[in-house]
Structures are given as structure tokens and as C-alpha cells.
There are 2 protein chains.
Amino acid sequence: MTQFPEVMMALDLGPLDSHVGYLLRRAQLAVFADILPSLAEHDVSPADYAVLTVIDRNPGAGQSQVAETLGIQKTNFVPLIRRMEARGLVLRTPSARDRRSVALTLTPQGNALLADLHAAAQAHIERVRSHLGSAEYDSLLEPLQRLASVSRPS
Amino acid sequence: MTQFPEVMMALDLGPLDSHVGYLLRRAQLAVFADILPSLAEHDVSPADYAVLTVIDRNPGAGQSQVAETLGIQKTNFVPLIRRMEARGLVLRTPSARDRRSVALTLTPQGNALLADLHAAAQAHIERVRSHLGSAEYDSLLEPLQRLASVSRPS
DNA sequence: TATTGTTATACTCTATAACTATA
DNA sequence: TATAGTTATAGAGTATAACAATA
């Protein structure tokens with residue numbers, strides 16, 4: 001016979017426990033919770049990390065291009081990138097061939113910080129990978145890429 | 001799920017294109033974007049839908065119990081549940097055996113609305129499923145459940 | 001002492017409108 | 001006309017502190 005548990009009994013989620021949207025949301029929060037402290041040590045948000053990564057891989061790209069790639073509105077991108085410039089992580093240089101746009105590049109400090117962030121991210125990914133098991137982890141990436149590619153801005 | 005045309009040349013995402021956290025985030029936004037309009041027609045948020053579902057499956061559960069199950073802080077749960085009560089979707093009855101707590105149940109209107117929401121959710125899930133293919137979709141749920149269960153409150 | 005529900009509040013994220021200077 | 005960047009602002013969503021009533 002089952003006895004009443006001392007801790008609170010979890011409630012029934014019903015159809016939510018196999019709802020892809022609900023599961024994606026909770027899984028994303030759990031995964032972010034794992035890497036958040038490592039990023040916070042460097043005073044960096046997940047969005048900051050993504051921006052630094054994209055600038056590193058696309059030096060000279062314009063603000064709106066970087067913002068749109070990451071699904072960040074250009075209007076919300078301004079304070080984010082300005083803060084990084086103020087921290088000496090990013091260089092904003094007026095483009096010569098299109099004087100409306102600002103070309104983004106990493107400073108040496110930005111590059112050094114990004115190296116630390118990549119290391120932290122790799123350790124984080126290994127934790128997630130070993131939590132799931134390599135096979136299950138690997139099988140996860142492709143479908144997520146297919147879903148993620150839908151949300152690309154027009 | 002409708003695919004948006006790509007106007008601009010996409011920048012290189014570097015390691016982000018296989019970063020589980022980044023992919024989970026973008027995938028979650030894409031999937032939510034698909035169901036959001038259907039829910040909005042009923043003036044319901046994803047959180048609202050989840051709350052109604054859990055109350056339906058656990059009639060008489062207390063506020064904090066429902067909130068904690070869904071990872072919502074009890075303090076943020078108050079305006080949410082009060083709005084549902086005001087809309088006539090939820091009944092908040094003082095518990096007899098613990099006069100601190102408020103037992104939650106659905107009204108007939110809440111039940112009727114939830115039926116519509118479940119239908120919309122089912123149609124949404126079918127869109128996602130056919131976008132990914134059944135096999136890939138099915139292979140996605142278990143790892144997501146494993147990840148999502150990490151964030152369950154202790 | 002601990003827990004349930006509550007208020008007030010602040011902070012982050014995200015969204016919209018409107019502007020400028022360039023193209 | 002359209003685009004890159006900007007400002008101001010409003011709305012969500014989420015977080016903490018503190019409290020009253022009850023256990």
C-alpha cells in the first residue's frame with residue numbers, strides 16, 4: 001500500500017507533460033539555469049554571449065544585421081551594444097561604404113572574455129550532455145535546429 | 001508552421017548553431033509563436049492555459065501548489081488567478097481543513113474554454129509534428145522531459 | 001516556527017511609435 | 001521610398017521584501 005508522502009505530492013500536469021511547447025519552455029529554463037551563474041561571474045547575459053559570438057564570427061557586420069540574426073529587435077539592441085562598447089569589449093566604427101551603418105568588431109578584451117565564455121559554455125554543455133547521455137543529447141540537436149530555424153525574422 | 005522568407009544573408013552563428021541552450025530558446029520562441037494567436041483569440045496566455053489545465057486535472061488544489069507545479073512564484077500567481085476568477089473561469093473557495101489555503105476549481109465556463117484551448121493546442125501540436133516528421137517529433141519529447149524535470153521545484 | 005496568500009515594488013525583456021541621416 | 005541607427009516609452013514577465021492569518 002502506498003503511504004502519504006511527507007513532501008508535497010506533485011500535481012498532475014495532464015496533457016502538458018507531453019506538450020512540446022511546455023516542455024521546451026521548462027527545458028530552456030532548466031538549461032539556462034545551469035549556465036547562468038558562469039556567465040554572471042563575467043557580468044554577461046545569454047544574449048550578451050550570443051552577440052559576442054556572432055560579432056567574433058562576422059567581424060565588421062552591422063548592428064541591425066547582428067541583431068536580426070539573433071532575433072533581437074534593433075531598437076533593443078542599442079543599449080545592449082552600447083554597454084559592451086562602454087565596457088571596452090566591442091568597437092563600433094562607422095562604415096565607410098554606407099555611412100548609416102556601424103561596423104562591429106571585438107576588442108582584444110572582448111576576444112579574451114569570449115574565450116573564457118566559450119570555455120564556460122563548453123563545460124556547461126558537457127554537464128547537459130552527461131545528464132542526458134551522449135546519444136540522447138546528440139539526437140536532440142537536429143530537431144531543435146529545425147524548430148529554431150522557423151523563428152528567423154523576415 | 002509557416003516558414004518566413006529569408007531576405008537578408010544570414011550571419012554565421014559559430015558554436016551557437018549547436019548550442020543546446022540557444023537552440024532551446026529559439027525553438028521555444030518559434031513553437032510559442034505558432035500557438036500564441038490561437039490562445040490570444042480567447043484572451044489567454046500560455047501560462048493561463050497551463051494553469052487551467054492543471055486545475056482541471058487537480059480540482060481542489062491550493063494556489064501555491066498549482067503555482068509551484070508550473071514554476072510560477074506564488075506572488076506572481078495572485079494577479080493571474082484573480083483575473084481568471086474575475087472572468088468567471090475559476091472558483092476560489094476557502095479550504096475547510098486548512099483555512100489559510102484557497103481551493104481552485106474550474107467553473108463550467110472555465111471547463112468549456114479549456115476544451116476549446118485543448119482543441120487549439122492539439123491542432124498546434126499537429127502542425128509542429130508534421131513540420132518535424134512524426135519520428136523526429138516523438139524522439140524529441142523524452143529528452144525534453146528529462147531536461148524539463150530538472151527545473152521542477154524540490 | 002513554518003506556510004498560505006497577499007501587497008508593493010523593482011528589474012529585465014520585449015514591443016511600438018517616431019525621429020535623423022543616409023541610401 | 002527604404003534602411004541603419006536612435007530615443008522614448010509601454011507592457012509583459014519575473015524577482016525580493018514584508019506582512020496577516022493560520023498551521
Side-chain angles (χ1 to χ4, degrees), chain A residues 6-9 11 22 25-26 28-30 32-33 36-37 39-40 43-51 60-86 90-104 151 153-154, chain B residues 7-9 11 25-26 28-30 32-33 36-37 39-40 43-51 60-86 90-104 151 153-154:
Chain A
E6 304 179 10
V7 210
M8 192 187 63
M9 184 63 180
L11 296 183
Y22 176 78
R25 176 71 176 143
R26 298 301 298 258
Q28 183 247 304
L29 289 175
F32 269 46
L36 233 51
L39 297 181
D43 192 24
V44 160
S45 72
D48 292 334
Y49 172 52
V51 166
Q63 278 194 199
S64 296
Q65 221 178 349
V66 172
E68 193 173 3
T69 297
L70 292 171
I72 305 172
Q73 297 198 39
K74 61 179 182 175
T75 168
N76 296 325
F77 194 77
V78 174
L80 186 157
I81 199 66
R82 284 290 180 78
R83 182 161 180 268
M84 289 190 166
E85 184 188 29
V90 164
L91 228 64
R92 298 175 65 252
T93 54
S95 167
R97 53 169 237 282
D98 184 341
R99 277 154 46 209
R100 290 173 301 179
S101 83
V102 178
L104 301 178
S151 68
S154 54
Chain B
V7 185
M8 184 188 63
M9 183 62 181
L11 296 182
R25 176 71 177 142
R26 298 302 297 260
Q28 183 248 304
L29 289 174
F32 269 45
L36 232 51
L39 297 180
D43 192 25
V44 160
S45 71
D48 292 334
Y49 172 53
V51 166
Q63 280 194 197
S64 296
Q65 221 178 350
V66 172
E68 193 173 3
T69 298
L70 292 171
I72 304 171
Q73 297 200 37
K74 62 178 181 177
T75 167
N76 296 325
F77 194 78
V78 174
L80 187 156
I81 199 66
R82 284 292 180 77
R83 181 160 182 272
M84 289 190 164
E85 185 188 29
V90 163
L91 228 65
R92 297 175 64 254
T93 53
S95 167
R97 53 168 238 282
D98 184 342
R99 276 154 48 209
R100 293 172 300 178
S101 83
V102 177
L104 302 178
S151 67
S154 56

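Source: prediction; values computed, not measured. In what follows, chains are A, B, ... by sequence order, proteins preceding strands, each numbered from 1. For the numbers below, each heavy atom of this structure counts, side chains included, while hydrogens, waters and symmetry mates do not.
- Looking at B:T75, its side chain has no donor and acceptor atom pair within 3.5 Å of the base of D:dA18.
- Between the side chain of A:R26 and the backbone N or O of B:L70, at least one donor-acceptor pair lies under 3.5 Å.
- Using a 4.0 Å heavy-atom distance criterion, B:R83 is classed as making no nucleic acid contact.
- Closest to the side chain of A:R82, from the set D:dT7, D:dG13, C:dA15, is D:dT7.
- The CZ atom of A:R99 sits 15 Å away from the P atom of D:dG5 (whole-angstrom rounding).
- When each of B:N76 and A:S45 is assigned the nucleotide of DNA chain C with its nearest heavy atom, B:N76 is the one assigned upstream, toward the 5' end.
- At a cut-off of 3.5 angstrom, counting only N and O atoms as typed in the model, there is a donor on one side and an acceptor on the other between the side-chain of B:R100 and the base of C:dT3.
- Residues B:S45 and B:L39 are not in side-chain contact: their nearest non-hydrogen atoms beyond the backbone lie 4.5 Å or more apart.
- Within the nucleic acid shown, A:Q63 comes within 4.0 Å of sugar-phosphate atoms alone, with no base atom in reach, counting heavy atoms only.
- Backbone-only contact: B:D98 has heavy atoms under 4.0 Å from sugar-phosphate atoms and none from a base.
- Dashed line: the shortest gap from a side-chain N or O of A:R92 to OP1 or OP2 of D:dG5 is not under 4.0 Å.
- Counted by atom type alone, B:D98 and B:S95 present zero donor-acceptor pairs between their side chains at under 3.5 Å.
- In this structure, the CD atom of A:Q73 is 16 Å from the P atom of C:dA18, given to the nearest Å.
- A donor-acceptor contact under 3.5 Å is not formed by the side chain of A:S64 with the base of D:dT3.
- As a whole-Å value, the separation of A:F77 CZ from C:dC13 C1' is 15 Å.
- In this entry the distance linking CZ of B:F32 with C1' of C:dC13 reads 15 Å, nearest Å.
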